[in-house]
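Numbers here are sequence positions counted from 1.
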Amino acid sequence: MEILVPSETSTESFDVVLIGAGIMSATLGTMINQLEPTWSIGLFENLDKAGQESSSPWNNAGTGHSALCELNYTAAKADGSVDPAKAIGINEQFQVSRQFYSWAVENKRVADNSFINALPHMSFVIGEDHSKYLQTRYEALKPNALFDELEITNDLDTINEWTPLVAKGRDASQKVAASRVVSGTDVDFGRLTRELTDSLGAAGASVNYGHKVKGLKRSGAGWELTVKDNASGAVKNVKAKFVFVGAGGGALPLLQKAGIDEIKGFGGFPVSGQFLRCTDETVIDQHHAKVYGQASVGAPPMSVPHLDTRFVDGKRSLMFGPYAGFSMNFLKSTGQLDLPLSLRPHNIIPMLAVGKDNLDLTTYLIKEVLKSRAKKDESLAEYFPQADGSKWELITAGQRVQVIKKDAKKGGVLQFGTEVITSSDGSISGLLGASPGASTATPIMIGLLSRCFPKQFAGWESKLKDMIPSYGQKLNENPALYAEVKAATDKSLGL
């Protein structure tokens, strides 16, 4: 066991400490700096730059979740009907994030608007039953203001106009259907995270890369962190009045170290993944869309297959996947002991219950792990019939740690969303989970601010409205305001 002995003279103090330099910390830090510019902020990231884990576009399964094309947010009920509520809620959240991005551009918190690009969002299904489902989904979503641009077709020639790669070479007798929203977007969260973090440093925050938080304990009304400089090995104490744990998969063990009651009963189920990536310009030029299909039986929502145009640091590429797998590390940069070391007496029963109740997921993951490259190419061909596997490289994506939580009836449940864990006194908070994640960082962080700073929050609302013009209102219920906000964000984001 590594014994860390901080120097007596190496103590720093901050009003706010952010652990992890991902999109969550970058968003929260930027907002706090705008709301309370005199507050001191310290950020500590284990890696050598910001946005290298789940916020990296090569690690991020979704780069602009807004429920326009992700079918898992509108699953069919037993009677075949579709409830649009979850999709509407996620789209509402993304609209809040879009307004924050717009504010960041206009207020020079980012270099420019190149981190976001206009990109149609499509859903594509095969077979009679799936086509009927897509029609039902269309009819449930279309009347809503946030989905009024949604269009649908079962005509292969029209699909060929929308996205040639999906249509060319497909059997014309095959029953297919597709829906589309032209005004979707692709977000390079890695770039956005780096630029927000850079501007946070320029505004006076202490941004520390290559610094790993090894310990976290109560200190009076606040917290004391033990932080190690990876390069020099030096260890120092860092005191904070408020701590945000935005460390992705690393959040669970850090919140466990903090010892707060609210983390008891929580566990993590890590899921890894791979993508096929193509950088051949002759292929890329034939596809300009984010095309989502339907998940296999037993597959987690994050494994919904999609053929995506991606813009990474201004360069366009194509990705297909993900192919799910299992690895016991909680972050791409950590080790296989993460899962066993996260076991506690209070979370063993929930984790065992989840294992028992999710045998279909286990079976699916085993099949995915054993899937050959040839089988992976066959999956690609379902969405791109004329695909040449030699033009696609297999890359390893980021780790996702799905939330396991205790449940009175089942003992434990596995959830695929996000969960904000906050201590009773509001002095520490952290984010667990994955989807929809980065795309909804802004509303998640606003909710965190309201819980952790209840005394200050009312006084912040005017500044929040400067950042989020629709703050406090539902755009889906106010089509005129939605049209106004969309036009304004389209202009500043160059969409």
Side-chain angles (χ1 to χ4, degrees), residues 22-23 26-27 49-70 94-95 97-102 104-105 109-123 162-166 180-198 273-292 304-322 380 383-384 391-393 395-398 435-442 486 489-495:
I23 188 60
T27 300
K49 62 176 68 173
Q52 294 300 291
E53 282 280 356
S54 293
S55 299
S56 165
W58 300 129
N59 293 339
N60 196 335
T63 55
H65 275 288
S66 49
L68 297 174
C69 61
E70 302 93 337
F94 185 67
Q95 299 304 323
S97 291
R98 266 182 61 127
Q99 292 172 74
F100 175 71
Y101 306 157
S102 180
V105 169
R109 291 286 185 157
V110 292
D112 52 39
N113 57 24
S114 59
F115 63 88
I116 189 168
N117 287 274
L119 186 71
H121 282 205
M122 285 181 55
S123 303
W162 291 1
T163 174
L165 290 190
V166 172
R180 178 178 75 159
V181 175
V182 174
S183 62
T185 56
D186 179 74
V187 183
D188 182 346
F189 283 108
R191 186 170 193 158
L192 175 61
T193 299
R194 291 193 301 272
E195 293 187 4
L196 286 174
T197 305
D198 286 348
Q274 294 179 315
F275 278 92
L276 290 173
R277 178 172 64 188
C278 177
T279 55
D280 187 311
E281 296 291 342
T282 62
V283 178
I284 295 170
D285 287 344
Q286 300 177 63
H287 188 82
H288 186 74
K290 184 183 295 290
V291 181
Y292 270 60
V304 172
H306 44 104
L307 179 63
D308 280 11
T309 297
R310 295 281 176 97
F311 295 87
V312 180
D313 292 329
K315 185 178 175 67
R316 195 164 59 139
S317 65
L318 287 183
M319 290 179 69
F320 177 79
L380 170 63
Y383 292 85
F384 177 9
K391 294 183 177 181
W392 296 74
E393 62 176 323
I395 64 171
T396 300
S435 182
S439 300
T440 55
T442 306
K486 186 175 184 302
T489 56
D490 280 349
K491 182 178 179 181
S492 61
L493 296 176
L495 300 175

Within the distance-only criterion (no hydrogens, no angle test), does the side chain of Gln286 pair as donor or acceptor with the backbone N or O of Ile284 below 3.5 angstrom? no
Only counting residues at least two apart or in another chain, list the ones meeting ring pair (Phe, Tyr, Trp, His ring centres under 6.0 Å) with Phe94. none
Heavy-atom nearest pair, Leu68 first then Gly184, reads CD1-CA, 4.1 Å
Side chains of Thr309 and Asp186: closer than 4.5 Å at any heavy-atom pair? no
Value for CZ (Arg310) from NZ (Lys290), rounded to nearest 0.5 Å, stands at 5.0 Å
Which residues share a side-chain hydrogen bond (donor to acceptor under 3.5 Å, both in side chains) with Gln274, sequence neighbours left out: none
Looking at every heavy atom in both Thr193 and Ala50, which two are closest together, and how far apart are they? CG2-CB, 4.1 Å
Any non-hydrogen side-chain atom of Ser114 less than 4.5 Å from a side-chain atom of Phe311? no
Restricting to ring pair (Phe, Tyr, Trp, His ring centres under 6.0 Å), what partner residues turn up for Tyr101, sequence neighbours left out? Phe115
Hey, are the side chains of Val291 and Trp162 touching, using non-hydrogen atoms and a 4.5 Å cut-off? no
Could you list the residues that satisfy salt bridge (charged side-chain N to carboxylate O under 4.0 Å, His left out) with Glu195, not counting sequence neighbours? Arg191
Name all residues meeting the side-chain contact (heavy atoms from CB on, under 4.5 Å) criterion together with Asp285; count only those two or more places apart in sequence or in a different chain, and write none if there are none. Glu281, Arg316
Set of residues satisfying ring pair (Phe, Tyr, Trp, His ring centres under 6.0 Å) with respect to Tyr383, sequence neighbours excluded: Phe320
Looking only at non-hydrogen atoms, find the nearest pair between Ser492 and Val105 and report the distance. O-CG1, 3.7 Å
How would you list, by chain and number, every residue that makes a side-chain hydrogen bond (donor to acceptor under 3.5 Å, both in side chains) with Thr163, sequence neighbours excluded? His287
In terms of heavy-atom contacts, Ile23 and Ala441 come closest through CG1-CB, 4.3 Å
Sequence-distant partners of Asp188, salt bridge (charged side-chain N to carboxylate O under 4.0 Å, His left out), two or more places apart: none
Is it true that the side chains of Thr489 and Ser102 contain a donor and an acceptor less than 3.5 Å apart? no
Rounded distance [0.5 Å steps], CG in Leu276 versus CG in Leu380: 6.0 Å
Run the side chain to side chain contact (heavy atoms under 4.5 Å, CB included) test on Arg98 and Asp490 for me, step by step, so that the C-alpha distance in whole Å, both residues' side-chain angles and the decisive distance to 0.1 Å come before the verdict. CA-CA 9 Å; Arg98 266 182 61 127; Asp490 280 349; 2.6 Å; yes
Under the salt bridge (charged side-chain N to carboxylate O under 4.0 Å, His left out) test, residues paired with Asp280 that sit two or more places apart: Lys391
Sequence neighbours left out, what passes side-chain hydrogen bond (donor to acceptor under 3.5 Å, both in side chains) with Thr396? Give chain and number order. none
Would you mind reporting whether Phe384 and Val283 have side-chain heavy atoms less than 4.5 Å apart? yes
Are side-chain heavy atoms of Cys69 and Arg180 found at a separation under 4.5 Å? no
The salt bridge (charged side-chain N to carboxylate O under 4.0 Å, His left out) partners of Arg109 (sequence neighbours excluded) come to none
Excluding sequence neighbours, so at least two apart, what forms side-chain contact (heavy atoms from CB on, under 4.5 Å) with Ala397? Phe275
Minimum side-chain heavy-atom gap Asp313-Arg194 below 4.5 Å: yes
To the nearest 0.5 Å, how far apart are CH2 in Trp392 and OG1 in Thr279? 10.0 Å
Drop me the distance from His65's NE2 to Ser97's OG, to the nearest 0.5 angstrom. 12.0 Å
Minimum heavy-atom distance between Leu196 and Ala104, given as atom pair plus value: CD2-CB, 4.3 Å
For Thr185, does its backbone N or O pair with a side-chain atom of His121 as donor and acceptor, under 3.5 Å? yes
Quick one: are Ile395 and Met319 in side-chain contact, heavy atoms under 4.5 Å? yes
